[in-house]
Novice: 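There's a structure below that I have some questions on.
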Amino acid sequence: MENKSKKSIMGRIRQFIADTAAEMRRCNWPDRRQLMESTVLVVVATLILACFVAGVDEVARVIITLVTVGKL
């Protein structure tokens, strides 16, 4: 058995690519329906979070304006 420290850099790169390809073949990939459901979930969650952040930003803007200027 060859010592890992004695392998050439190209040999280690080839081994890494081969190991990665073998691992990718073992992965369970989602089907089209699962992918669409996940995509819709991510888009909806992002929109909800964006609305929440916009709301908090607007409330903070109003409070800061009231504190610094004294009127809207």
Side-chain angles (χ1 to χ4, degrees):
M1 185 168 182
E2 191 175 80
N3 189 348
K4 279 195 173 197
S5 63
K6 291 186 180 182
K7 273 189 173 180
S8 70
I9 187 73
M10 290 306 292
R12 288 187 289 176
I13 291 172
R14 274 190 223 104
Q15 186 62 49
F16 173 78
I17 291 171
D19 290 346
T20 302
E23 189 65 33
M24 295 299 281
R25 283 189 293 275
R26 285 192 293 261
C27 289
N28 291 324
W29 296 98
D31 60 20
R32 189 172 198 69
R33 183 187 58 79
Q34 291 171 326
L35 188 61
M36 288 302 294
E37 287 175 358
S38 297
T39 301
V40 169
L41 180 66
V42 168
V43 169
V44 169
T46 302
L47 289 173
I48 291 170
L49 184 60
C51 290
F52 174 76
V53 170
V56 170
D57 185 52
E58 186 61 23
V59 169
R61 185 192 64 79
V62 168
I63 292 172
I64 291 170
T65 301
L66 286 174
V67 169
T68 58
V69 179
K71 59 182 176 182
L72 293 172

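Count residues from 1 along the sequence.
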Novice: Can I get a per-line list of side-chain donor-acceptor pairs under 3.5 Å for residues 39-53, giving both atom names and the distance, sequence neighbours left out?
Specialist:
{"unit_1": "Thr39", "atom_1": "OG1", "unit_2": "Leu35", "atom_2": "O", "d": "2.8"}
{"unit_1": "Thr46", "atom_1": "OG1", "unit_2": "Val42", "atom_2": "O", "d": "2.7"}

Novice: Determine whether Gln34 and Trp29 satisfy the following criterion, side-chain contact (heavy atoms from CB on, under 4.5 Å), listing intermediate values before the conclusion.
Specialist: CA-CA 9 Å; Gln34 291 171 326; Trp29 296 98; over 6 Å; no

Novice: What residues, two or more places apart in sequence or in another chain, satisfy side chain to side chain donor-acceptor pair (under 3.5 Å) together with Arg33?
Specialist: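 Once residues adjacent in sequence are excluded, the partners of Arg33 under the side chain to side chain donor-acceptor pair (under 3.5 Å) criterion are Glu37.
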
Novice: Donor-acceptor pairs under 3.5 angstrom involving side-chain atoms of residues 59-67: please list them, not counting sequence neighbours.
Specialist:
{"unit_1": "Arg61", "atom_1": "NE", "unit_2": "Glu58", "atom_2": "OE1", "d": "3.4"}
{"unit_1": "Arg61", "atom_1": "NE", "unit_2": "Glu58", "atom_2": "OE2", "d": "3.2"}
{"unit_1": "Arg61", "atom_1": "NH2", "unit_2": "Glu58", "atom_2": "OE2", "d": "2.5"}
{"unit_1": "Thr65", "atom_1": "OG1", "unit_2": "Arg61", "atom_2": "O", "d": "2.8"}

Novice: Indicate, with yes or no, if Ile17 and Met24 share a hydrophobic cluster defined by side-chain heavy-atom contacts under 4.5 Å among Ile, Leu, Val, Met, Phe, Trp and Tyr.
Specialist: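 In one cluster with Met24: Ile17, no.
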
